[in-house]
Undergrad: 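I'd like to ask you about the structure that follows.
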Amino acid sequence: MRIVSLRLILSLLMGIAVVSLVFSYNQVVHQRHTLQLNLEERARLEAESLEGKIAPVVQRGRAQELQRIAERFRAHERIAGLAIYDAAGKPLAATAGVAEHLGRPSLTVLQALSGKHAAAAYSTVDGVPVHIYALPFEGREDAVGALAVVHDVSYIAASEARVWRDTLLRVLILGGVISLITILIVRWSLEGPIARAAYWIRGLRTGRVSSRRDLPTWDVFQPLAAELANLAQSFEAARSAAETEARLREMADSSWTAERLAVHVQSKLQGSRLFVVSNREPYIDTRHGKGIRTVVPPSGLVTALEPILCACNGTWVAHGSGDADRETVDSRDHVQVPYENPRYTLRRLWLSKQEEEGYYFGFANEGLWPLCHIAHTRPLFRASDWEAYRAVNQKFADALLEEMEGTEQPILLAQDYHFALLPRMIKTRRPDARIAIFWHIPWPNAEAFGICPWQRELLDGLLGADLIGFHIQSHCNNFMESVDRSLESRVDWEHFSIKRGHHRTAIRPFPISVDLPEPSEDPADESIYLDRANLLRELGVEALLVGVGVDRVDYTKGIPERFHAIERLLERYPVYRGQFTFVQIGAPSRTHIKRYHDLLAEVEAEAERINWRFQSGNWKPIVFRKGQHSHREIQRFYRIADLCLVTSLHDGMNLVAKEFVAARPDEGGMLVLSRFTGAARELRDAILVNPYDVEQTAEGIRLALEMEPEARQARMRRMRQTVRDHNVYRWAGNLIAQLCEIRVKGEPASTGTAAPGAAAGVSAA
Ligand code: F6P
């Protein structure tokens with residue numbers, strides 16, 4: 001850095017010196033010229049003013065009088081000297097200063113006499129620079145003599161010297177100031193940030209700091225900071241993955257990680273390309289002031305599917321629902337994601353308001369959603385919605401077929417109840433495609449499903465897939481029974497497959513899950529998450545015991561039911577009044593649908609009613625936090641809660657239950673879980689309740705609050721182990737593995753794949 005400073009200083013000094021010298025030189029030349037002109041003019045005027053006085057005296061030949069005139073003139077006019085000559089150039093009188101020098105006629109005087117006009121010259125007298133002005137004067141006919149006025153011109157040289165001295169002084173002062181400023185700028189803007197960045201990078205390399213926190217101020221290097229932070233994050237992720245892998249190898253563990261999933265998928269795909277289709281996109285771009293904000297919807301899907309897509313540079317087709325989505329795509333509606341480290345393609349598909357209304361709000365969420373969830377909300381089947389659902393499925397299928405062009409034996413993972421018709425649409429056009437659809441919601445029993453006017457079309461559409469996944473075995477059974485009752489097909493209960501026409505579909509359970517990260521060793525994390533007092537202060541309540549619930553505000557989640565259980569707890573056990581507060585995080589969802597709109601109002605009104613009944617001082621029983629909350633915010637609540645309440649009336653899996661367990665490395669807290677969730681099949685150590693039974697749920701809450709710490713810890717430990725072993729990466733790995741086992745049309749039998757019914761695969765949970 002010293003060399004840089006020195007180079008900067010020297011270059012600046014040289015520049016300043018050259019510019020100053022050029023300007024000073026010009027100034028000197030100009031100044032000299034002006035002073036000389038002034039002097040010459042003055043000399044002329046002085047000489048001419050004397051001429052009249054002197055000429056008659058010279059003619060009369062009065063030398064003494066001439067000498068007096070000369071002395072008097074010199075004294076008055078402050079000139080260096082004056083000399084008077086006759087016509088032959090013989091000196092008649094001269095003042096003291098110049099007598100010796102001008103005692104004999106000088107060349108200038110002789111030039112004036114001979115040429116009969118004034119002559120001037122610069123010379124020196126006793127080493128002093130002078131200006132001599134000689135003026136001849138004439139009688140009636142001829143020249144009678146001349147006079148010479150001498151001025152000391154040393155002041156011109158002195159003034160030039162002053163200019164040069166000032167220049168030097170200016171260069172020196174500027175040099176000093178600029179050197180100082182340069183040193184300070186280099187130190188503050190370069191040396192400081194570079195030293196801090198180097199310290200941070202060293203800390204990162206040695207694992208002393210985190211890439212997300214402790215990021216130093218980068219000043220002029222700010223544009224580099226984001227890139228380096230990303231690089232550092234990848235570096236951290238790679239290190240933590242390597243550590244985890246090493247630990248797992250050490251423990252001979254078979255746990256799944258994002259990295260293991262990526263390697264697994266690469267080996268299974270054997271060069272095939274992977275496509276995912278879902279209604280909700282993984283990155284939503286929305287307008288935020290003058291900029292764009294990207295939101296990742298809080299769903300386990302992105303966690304599970306992103307590592308797979310990244311591993312094989314896949315394509316995800318989804319509805320572009322963000323109001324800034326169109327601004328970030330290219331001409332083919334593609335955008336590379338994740339934005340900070342693009343690894344796969346998101347193809348956005350645009351839907352008109354009418355299409356969204358009929359397909360998403362209408363058939364999917366007012367028809368299929370209440371049909372599949374036994375939550376006593378009547379499904380609405382409108383022919384116009386069905387038509388929109390069919391048309392939008394076709395639109396997605398066309399987009400996928402376009403993306404698949406040129407790809408042999410593509411692999412498609414379709415997601416959820418929005419796309420029941422799509423597998424058949426793709427299979428008809430691309431029999432070589434391997435297609436799986438995962439149904440994220442329950443499949444009701446055959447009688448319940450049978451009320452749908454388009455049940456046969458839905459089942460036939462789904463059976464276009466090679467593999468249909470549900471969360472649990474009983475949903476598989478319900479599906480097979482629905483097909484058995486309504487479609488011409490061969491239902492094979494032995495191999496859990498269905499043959500319709502010449503095509504066979506395997507039906508399997510794949511219980512979805514979450515990631516269970518290893519506990520952070522960063523003490524800063526602890527202080528953020530475990531600060532219960534801070535969180536309660538933020539909420540404006542005082543309580544000793546805290547419960548939490550995190551849900552989309554959906555009638556299947558049993559939110560009013562859980563409020564009633566809390567009310568009952570406080571009625572039966574008044575000791576909890578002033579002690580226990582339940583925080584409900586509720587994200588408004590699908591509010592365009594009246595049932596959801598009304599439910600939101602109902603939830604708010606119930607919370608208010610119960611609070612009004614029991615609250616006192618700074619305590620109240622229910623805090624309802626309406627709105628979207630980030631993963632980080634939700635983690636804070638999970639980590640401080642004494643219990644988590646999941647009271648779904650019917651739920652395919654319910655990932656909140658697993659997220660709560662995953663968020664508690666301290667093995668604290670307790671889960672109160674509805675027995676009507678898929679999660680209840682795996683998390684047997686939770687306190688299982690029937691949410692319709694208010695008394696039982698209230699008792700469940702009391703049991704959770706009063707359980708012995710050792711018993712609670714043992715239960716949480718076992719549940720954590722279950723989630724760890726059956727995490728979301730295993731879910732995705734199993735799904736892909738089973739799909740890749742299936743032989744599709746045009747594939748030679750020698751590839752090692754098997755017919756769907758015989759798919760061996762890896763054990764699915
Ligand atoms: O539970 C089914 C599901 O599709 C989830 O995958 C998703 O998180 C949730 O519903 C949200 O639904 P929506 O996309 O309608 O907001």
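Both ligands and their constituent atoms are indexed starting at 1 by order of listing. As a basis for the values below, the full set of heavy atoms in this structure was taken, side chains included, without hydrogen atoms, waters or symmetry mates. For reference, positions follow the sequence shown, starting with 1.
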Undergrad: Can a non-hydrogen atom of Q415 be found less than 4.0 Å from any atom of ligand 1?
TA: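 No, Q415 has no heavy atoms under 4.0 Å from ligand 1.
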Undergrad: Can the ring centres of W350 and H319 be said to be less than 6.0 Å apart?
TA: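 Between W350 and H319, the centre distance exceeds or equals 6.0 Å.
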Undergrad: Would a search of protein heavy atoms around atom 9 (C) of ligand 1 find one under 4.0 Å away?
TA: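 Yes.
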Undergrad: Take the angle between the ring planes of Y359 and F396 and call it parallel below 30°, perpendicular above 60°, tilted in between.
TA: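 The arrangement is tilted - the two ring planes meet at 30° to 60°.
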Undergrad: Starting from atom 11 (C) of ligand 1, which protein heavy atom do you reach first, and at what distance in Å?
TA: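 Heavy-atom neighbour on the protein nearest atom 11 (C) of ligand 1: R552 NE, 3.5 Å.
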Undergrad: What atoms in ligand 1 come closer than 4.0 Å to a heavy atom of I441?
TA: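 The list of qualifying atoms is 2 (C).
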Undergrad: Could you say whether the N/O atoms of Y360 and ligand 1 ever approach to under 3.5 Å?
TA: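 So ligand 1 has an N or O lying under 3.5 Å from an N or O of Y360.
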Undergrad: For a salt bridge (charged side-chain N to carboxylate O under 4.0 Å, His left out) with D466, tell me which candidate from R424, R434, K427 qualifies.
TA: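 When R424, R434, K427 are each tested with D466, the salt bridge (charged side-chain N to carboxylate O under 4.0 Å, His left out) holds only for K427.
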Undergrad: Using a 3.5 Å cut-off on N or O atoms only, is R590 in polar contact with ligand 1?
TA: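 Yes: some nitrogen or oxygen of R590 is under 3.5 Å from one in ligand 1.
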Undergrad: Angle class for the Y417/W369 ring planes (parallel below 30°, perpendicular above 60°, tilted otherwise)?
TA: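 Y417 vs W369 ring planes: tilted.
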Undergrad: Any chance you could lay out the side chain to side chain donor-acceptor pair (under 3.5 Å) test for D693 and N690, step after step, and finish with the verdict?
TA: CA-CA 5 Å; D693 185 340; N690 169 1; 5.1 Å; no
Undergrad: Look only at interatomic distance and state if R280 has a nitrogen or oxygen under 3.5 Å from any nitrogen or oxygen of ligand 1.
TA: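 In this structure, R280 places an N or O atom under 3.5 Å from an N or O of ligand 1.
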Undergrad: Evaluate the ring planes of W731 and H440, with Trp represented by its six-membered ring, and classify them as parallel (under 30°), tilted (30 to 60°) or perpendicular (over 60°).
TA: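 The rings of W731 and H440 sit tilted, inter-plane angle from 30° to 60°.
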Undergrad: Students should be able to answer this: which protein heavy-atom is nearest to atom 3 (C) of ligand 1, and at what distance?
TA: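 Answer, as residue, atom name and distance: D416 OD2, 3.6 Å.
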Undergrad: Flag the pair F676 / H650 as yes when their ring centroid distance falls below 6.0 Å, and as no otherwise.
TA: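 Aromatic pair excluded; centres sit 6.0 Å or further apart.
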Undergrad: Under 4.0 Å, heavy atoms only, figure out whether ligand 1 is touched by the backbone of L301, its side chain, both or neither.
TA: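 Neither part.
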